[in-house]
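Let me begin by handing over the structure; questions about it come next.
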Amino acid sequence: DVGEDYRENKRVYLPTELLDRHQVDLAQNVEKGPDNNFIALWEELAEESSRGYVEFEDSISHYDSDCRFPVLVSSKLYSGIMDSVRKNNYDCLSKRNYVPEARMMELILETRKILKKRWLYGRVDFWSTIGWAAMLPALPGLKRYQQNVRTGAENISANFPAIFSL
């Protein structure tokens, strides 16, 4: 997103203080790819984000039970994007990074285990949340069940008891 916003709109969503401190020439990095200064800046922001994700996960019990699962999954997926950026040699300037579908499913199952372990899972209508409805088309093996989303959460949870049963 950083490169796209810069190229198309000349918008920079990186703190000027960090750009200056790390001596990052964003135009040059967009044109030639990320250099060591950009990578250092990116890692600083990633470390700050990671601390935020940990703090968020630690505070998940303070959220309503009906939103814990979808928002924690979302945080895991956004955190997973950082792994993808690293695997792509920090190229978040010329291409969009994403969580591969197999890893996405792993993160969903991991989140379920976290909440079950903490006794925070509860009976939740996951499918009533916008976040889940928006993620369904991207999940592997679930495309054929998109129609079930329209007919009710009971059909979905019946088809995937290993993920959604309590």
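Counting begins at 1 with the first residue of the sequence. What you see is a predicted model, and the numbers here were worked out from it, not measured in a lab.
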Could you state the interatomic distance from CD (Glu31) to OG (Ser94), rounded to the nearest 0.5 Å?
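Rounded to the nearest 0.5 Å, the CD-OG separation comes out at 12.0 Å.
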Leu72 CG to Thr111 OG1 distance, which is reported to the nearest 0.5 Å:
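The OG1 atom of Thr111 is 4.5 Å from CG of Leu72, to the nearest 0.5 Å.
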Of all heavy-atom pairs between Val99 and Met104, which one has the smallest distance, and what is that distance?
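Heavy atoms only, the tightest pair is CG1-N, 3.7 Å.
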Using salt bridge (charged side-chain N to carboxylate O under 4.0 Å, His left out), reason through Arg51 and Glu55 one step at a time and then give a plain yes or no.
CA-CA 6 Å; Arg51 285 190 301 273; Glu55 288 176 22; 5.9 Å; no
Heavy-atom check, side chain of Ser75 versus side chain of Glu57, under 4.5 Å
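Result no, sub-4.5 Å side-chain heavy-atom pair not found.
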Any donor-acceptor pair under 3.5 Å from Arg68 side chain to Leu115 backbone:
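No, because the side chain of Arg68 does not come within donor-acceptor range (under 3.5 Å) of the backbone of Leu115.
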Indicate yes or no for a side-chain donor-acceptor contact from Asn29 to the backbone of Asp35 under 3.5 Å, with no hydrogens or angles considered.
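Yes, because the side chain of Asn29 sits within donor-acceptor range (under 3.5 Å) of the backbone of Asp35.
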What distance separates Asn88 CG from Ile81 CD1, expressed to the nearest 0.5 Å?
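So the gap between those two atoms works out to 11.5 Å.
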Minimum side-chain heavy-atom gap Leu45-Leu14 below 4.5 Å:
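They are in side-chain contact.
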With a cut-off of 6.0 Å (strictly less than), are more than 12 heavy atoms of other residues, nucleotides or ligands near CG of Asn89?
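Counting neighbours around CG of Asn89, 12 or fewer heavy atoms of other residues, nucleotides or ligands fall under 6.0 Å, so no.
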For Gln23, is the CD atom crowded, meaning more than 12 foreign heavy atoms sit under 6.0 Å from it?
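Not buried by this count: 12 neighbours or fewer within 6.0 Å.
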Hey, does Arg86 have a side-chain heavy atom less than 4.5 Å from the side chain of Asp83?
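With C-beta onward as the side chain, the pair touches.
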Taking the side chain as C-beta and beyond, is there a heavy-atom pair between Ser84 and Pro100 under 4.5 Å?
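The answer is yes, as the side chains (C-beta and beyond) meet within the 4.5 Å cut-off.
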At what distance, to the nearest 0.5 angstrom, does CZ of Arg11 lie from CD of Glu4?
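Atom-to-atom, Arg11:CZ and Glu4:CD are 10.5 Å apart.
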Going through the distances and angles, do Phe69 and Ile108 end up as a side-chain contact (heavy atoms from CB on, under 4.5 Å)?
CA-CA 9 Å; Phe69 187 74; Ile108 291 168; 4.0 Å; yes
Between Val85 and Asp91, does the side-chain contact (heavy atoms from CB on, under 4.5 Å) criterion hold? Intermediate values first, please.
CA-CA 6 Å; Val85 170; Asp91 188 2; over 6 Å; no
I want to check something: taking the side chain as every heavy atom from C-beta on, are Val12 and Leu26 in contact at a cut-off of under 4.5 Å?
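In short, these two side chains touch, coming nearer than 4.5 Å.
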Would you please indicate if the ring centroids of Phe56 and Tyr78 are separated by under 6.0 Å?
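Distance test on ring centres: not under 6.0 Å, no.
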Which residue pairs satisfy the ring pair (Phe, Tyr, Trp, His ring centres under 6.0 Å) criterion with at least one member in residues 16-55, sequence neighbours excluded?
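Qualifying pairs, neighbours excluded: Trp42-Tyr90.
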Same apolar cluster (I L V M F W Y, side chains within < 4.5 Å links), Leu93/Tyr6
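Yes, Leu93 and Tyr6 fall within the same hydrophobic cluster.
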Let me confirm one number: the OG-CE distance from Ser50 to Met82, rounded to the nearest 0.5 Å.
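It comes to 3.5 Å.
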May I ask whether Val54 and Val73 are part of the same hydrophobic cluster, defined by side-chain heavy atoms of I, L, V, M, F, W, Y residues being less than 4.5 angstrom apart, directly or through others?
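Different hydrophobic clusters.
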Do Ile114 and Lys76 touch side chain to side chain, with heavy atoms closer than 4.5 Å?
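In short, these two side chains touch, coming nearer than 4.5 Å.
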Answer yes if Val24 and Leu18 sit in the same cluster of Ile, Leu, Val, Met, Phe, Trp and Tyr residues linked by side chain heavy atoms under 4.5 Å apart, and no otherwise.
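Yes; tracing contacts between hydrophobic side chains, which count when under 4.5 Å, links both residues.
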Rounded to the nearest 0.5 Å, how far does CG of Leu19 lie from CG of Asp25?
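Asp25 atom CG to Leu19 atom CG measures 9.5 Å (nearest 0.5 Å).
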State plainly whether the residues Arg103 and Glu106 are in salt-bridge range, i.e. N to O under 4.0 Å.
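Between Glu106 and Arg103 there is a salt bridge, with a charged N closer than 4.0 Å to a carboxylate O.
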CG (Asp20) with more than 12 external heavy atoms under 6.0 Å
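Check passes, neighbour count above 12.
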